[in-house]
Amino acid sequence: MRTFRTVLEQKIKERRQSIEEFAEFTEVFARQHKELKLGTVSARHLQRLASGVGPKGRPLGEVRPATARLLEKIFDLSIEELLSPPRSEEPAVRVEVDVDRLGGAFDWLDARVGWLPESSQWEVTSRLASVDTDALHDRMVRRARVGRSQLARALGEYYDPADEYGLYGVRVEDRELVTSIVTRSEWVDLSTPLVPENERFDLVTTSAAGGDVDVRYAVNRLAEAAALDVRMTDLPIYRLLDVTVQSGEVSSTVTLSSFAEYALSMDLLEGEFVDSLAGQRGKLPLRDRYLPDMAAVLDLPRRLCAGGTLALCAIARPADPYRGPADFALLVQERSATVLNGARRLSVIPKAFHQPLKDSRADARISATLLREMEEELFGRAEVDGTVGGHRLAAPMHPSRLSEPMRWLMEVDGRLRMECTGFGLNLVSGNYEFAGLVVIDDEEFWTRFGGHVEANWEAVGLRVYSSLDADLVGELVADESWSNEGLFAFLLGLRRLSELGGERVRLPKLTATVR
């Protein structure tokens with residue numbers, strides 16, 4: 001049952017009118033009653049009165065006398081009663097939306113569907129009052145029971161990649177692991193250094209991707225995000241239009257899009273599909289709309305193909321009397337429940353959406369995204385995290401502003417090596433995934449800065465594995481808690497590290513498959 005925040009909101013809904021329709025009615029009513037001709041009220045102001053709070057959650061303040069008289073005449077109730085919570089057996093609970101946590105998403109949705117400003121915020125606040133957080137947490141538990149391999153297998157059956165495309169997987173001992181990443185043989189095991197001559201990313205302007213946003217699903221998504229304290233900031237992201245990936249070359253054509261559009265459309269596909277596997281629903285209306293078949297997956301110019309880059313980070317460590325010989329520390333994160341993507345899953349770190357920091361053209365390189373995420377996710381620089389505040393710096397990655405560990409890495413060529421190990425399209429939501437390997441060969445880094453390495457808010461835990469521990473790494477590879485893109489990058493990173501690491505590496509044998 002819906003809980004109304006004010007008597008005014010309840011009375012408007014009882015008339016079966018929207019806010020806009022009732023605002024138009026008040027204009028006609030005022031013209032018909034000469035004593036009320038000064039009592040106009042806009043739809044935007046009416047939304048605030050009905051919610052009982054002003055902009056950004058501030059108190060309403062005093063209502064203009066002419067407006068108060070108009071509303072009192074229409075409903076035959078005092079303005080004080082109209083703005084009070086409805087009387088019921090249980091007092092109405094006022095639930096407010098943390099606007100800062102969902103910054104920009106409301107504005108984007110208002111503009112996209114042609115609503116008045118703050119309309120979507122009002123709708124989400126109304127929806128939030130009836131959100132059952134216990135039910136949401138129960139749903140998260142059910143979703144967590146759907147393992148990575150079950151999801152990948154079901155997606156493979158749904159799309160049935162053919163011809164030169166296939167799902168990436170590996171054979172390890174007597175097991176075969178398959179991911180949901182569609183790729184080609186020339187897109188994996190690239191060992192391509194991320195240096196200027198190998199990275200060519202062209203930024204172009206083009207029309208927005210086709211496809212309407214379903215308002216009902218969008219409002220529900222925002223209300224659920226607010227209830228679970230999920231961060232969703234509408235920053236620009238890159239949309240992939242074309243790509244060329246092969247050994248020695250990583251190039252693509254991208255344009256700018258909106259994170260809110262992705263979050264309220266393509267990113268809904270994963271939850272819908274997982275719920276179907278968990279037995280909560282049968283039909284897939286959103287997937288049928290946005291990504292119905294393999295042709296749609298591959299049709300990059302005509303759909304919203306957002307994505308990111310993620311890399312296995314391997315840091316050289318000196319020999320230790322307890323741990324053993326010199327090795328590489330392999331970093332794996334457990335994703336927080338408050339992230340929008342890959343929540344409660346294992347992934348490599350750094351992991352990020354491919355998006356600009358300041359300079360949209362220069363930042364299109366995936367190496368720029370990896371460096372930024374190392375600063376944010378491993379070295380704690382909050383000022384490069386767009387989800388916790390605006391970017392006021394002109395050059396956040398200027399050498400003078402780098403963290404101490406990053407500055408040390410960048411001072412001498414060769415201290416930090418980054419490679420692209422593979423590329424694929426994730427059937428979970430159609431995202432593109434650039435997989436990479438970040439290697440720090442100098443043991444001095446771990447000795448000096450090992451204590452600085454700390455995951456940020458996006459992770460609830462950071463695991464460290466030894467590149468010499470084949471048994472534990474073998475168990476980790478088979479863990480069902482991985483996100484598919486995380487495992488994709490981890491497997492490619494391990495295969496490449498086995499070629500580079502020499503005596504520091506003793507890993508299980510991984511035989512790649514694309515089928």
Original post:
Should the heavy atoms of other residues, nucleotides or ligands under 6.0 Å from CZ of R407 be counted, would the total exceed 12?
Top reply: yes
Subject >> Distance-only side-chain donor-acceptor flag, E480 / S149, under 3.5 Å >> reply: yes
Original post:
Considering residues at least two apart in sequence or located in another chain, which fulfil the side-chain contact (heavy atoms from CB on, under 4.5 Å) criterion with R171?
Top reply: E176, T511, T513, R515
Original post:
Side chains of D234 and S258: is there a donor and an acceptor less than 3.5 Å apart?
Top reply: yes
Subject >> Close side-chain approach of T244 to S252, heavy-atom, < 4.5 Å >> reply: no
Original post:
Do N484 and R345 come close enough that some side-chain heavy atom pair is under 4.5 Å?
Top reply: no
**OP:** Using modelled atom types only, decide if a donor and an acceptor are shared between the side chain of R504 and the backbone of A316 within a distance under 3.5 Å.
**Re:** no
**OP:** Please name all residues satisfying ring-ring contact (aromatic ring centres under 6.0 Å, His included) with F434, sequence neighbours left out, ordered by chain then number.
**Re:** F201, F423, Y432
Original post:
Strictly by modelled atom types, are S119 and Q47 linked by a side-chain donor-acceptor pair under 3.5 Å?
Top reply: yes
Subject >> 4.5 Å side-chain heavy-atom contact, V428 and L151 >> reply: yes
Original post:
Is D110 close to L116 at the side-chain level, that is, under 4.5 Å between some pair of heavy atoms?
Top reply: no
**OP:** State, with a plain yes or no, whether a side-chain heavy atom of L155 is found less than 4.5 Å away from one of R287.
**Re:** yes
Original post:
Sequence neighbours excluded, which residues qualify as ring-ring contact (aromatic ring centres under 6.0 Å, His included) partners of F488?
Top reply: Y168
Original post:
Taking it one step at a time, do K351 and E377 satisfy salt bridge (charged side-chain N to carboxylate O under 4.0 Å, His left out)?
Top reply: CA-CA 8 Å; K351 167 182 167 61; E377 293 187 352; over 6 Å; no
Original post:
Distance-only, no hydrogens or angles: does the Y238 side chain make a donor-acceptor pair with backbone N or O of A364 under 3.5 Å?
Top reply: yes
Subject >> ring-ring contact (aromatic ring centres under 6.0 Å, His included) contacts in which one or both residues fall within residues 215-235, not counting sequence neighbours >> reply: none
Original post:
Can you check whether G248's main-chain N or O pairs, donor with acceptor, with T192's side chain at less than 3.5 Å?
Top reply: yes
**OP:** Decide, yes or no, whether a salt bridge links D275 with R142 under the criterion of side-chain N to carboxylate O below 4.0 Å.
**Re:** no
Original post:
Do N198 and V250 have side chains that get closer than 4.5 Å, going by heavy atoms?
Top reply: no
Original post:
Taking side chain as C-beta onward, heavy atoms only, is H354 less than 4.5 Å from I366?
Top reply: yes
Original post:
Distance from L241 atom CG to L300 atom CG, nearest 0.5 Å?
Top reply: 8.0 Å
Subject >> Pairing residues for S265 by the side-chain hydrogen bond (donor to acceptor under 3.5 Å, both in side chains) criterion, not counting sequence neighbours >> reply: none
Original post:
Quick one: does S360's side chain have a donor or acceptor within less than 3.5 Å of a partner on P356's backbone?
Top reply: no
**OP:** Run the numbers on D288 and K283 for salt bridge (charged side-chain N to carboxylate O under 4.0 Å, His left out), then give the verdict.
**Re:** CA-CA 9 Å; D288 292 342; K283 296 182 179 180; over 6 Å; no
**OP:** State whether the side chain of E270 and the backbone N or O of S429 hold a donor-acceptor pair below 3.5 Å, judged by distance alone.
**Re:** no
**OP:** Return the set of residues passing side-chain contact (heavy atoms from CB on, under 4.5 Å) with R317 (not counting sequence neighbours), or none when no residue passes.
**Re:** R323, D327, A329, W446, V464, S466
Original post:
Is T183 reaching over with its side chain to a backbone N or O of G424, donor-acceptor style, under 3.5 angstrom?
Top reply: no
**OP:** Quickly, which of D363, T369, L235, L371 forms a side chain to side chain contact (heavy atoms under 4.5 Å, CB included) with L357? Name it, please.
**Re:** D363
Original post:
Taking atom CG of L378 and atom CD of E454, what is their separation to the nearest 0.5 Å?
Top reply: 10.0 Å
**OP:** Ignoring hydrogens and angles, state whether a donor on the side chain of E499 or S191 is under 3.5 Å from an acceptor on the partner side chain.
**Re:** no
Original post:
Pick one: which of H137, R139, R145, R143 meets side chain to side chain contact (heavy atoms under 4.5 Å, CB included) with V141?
Top reply: R145
Original post:
If you round to the nearest 0.5 Å, how far is CZ of R365 from CG of L194?
Top reply: 9.5 Å
Subject >> Trace of the side-chain hydrogen bond (donor to acceptor under 3.5 Å, both in side chains) decision for S367 with E199 >> reply: CA-CA 8 Å; S367 58; E199 279 190 282; 2.6 Å; yes
**OP:** For R463, check side-chain hydrogen bond (donor to acceptor under 3.5 Å, both in side chains) against everything at least two apart and list the hits.
**Re:** E334, Y465
Subject >> Qualifying residues under side-chain hydrogen bond (donor to acceptor under 3.5 Å, both in side chains), relative to D293, sequence neighbours excluded >> reply: none
Original post:
OG1/T253 to CG/D242 distance, rounded to the nearest 0.5 angstrom?
Top reply: 5.0 Å
Original post:
Any side-chain hydrogen bond (donor to acceptor under 3.5 Å, both in side chains) pairs touching residues 409-419, not counting sequence neighbours?
Top reply: R417-D441, E419-R496
Subject >> Side-chain heavy atoms of V170 within contact of L494, under 4.5 Å >> reply: no
**OP:** Could I get the full list of salt bridge (Lys or Arg N to Asp or Glu O under 4.0 Å) partners for D189, not counting sequence neighbours?
**Re:** R495
Subject >> Any residue meeting side-chain contact (heavy atoms from CB on, under 4.5 Å) with P405, in chain and number order, not counting sequence neighbours >> reply: F379, S403, F445, F449, H452
Original post:
Taking only residues two or more places apart in sequence, or in another chain, which ones meet E475 in a side-chain contact (heavy atoms from CB on, under 4.5 Å)?
Top reply: L472
Original post:
So, E272 side chain and L286 main chain: donor-acceptor pair closer than 3.5 Å or not?
Top reply: yes
Subject >> R44 and E20 ion-paired at < 4.0 Å >> reply: no
Subject >> Check: L190 main-chain N/O paired with T421 side-chain donor or acceptor under 3.5 Å >> reply: no
Original post:
Between D479 and R148, does a salt bridge (charged side-chain N to carboxylate O under 4.0 Å, His left out) hold up when you go through it step by step?
Top reply: CA-CA 9 Å; D479 195 316; R148 183 209 57 76; over 6 Å; no
Original post:
Ignoring hydrogens and geometry, is there a side-chain-to-backbone donor-acceptor pair from R335 to A459 under 3.5 Å?
Top reply: no
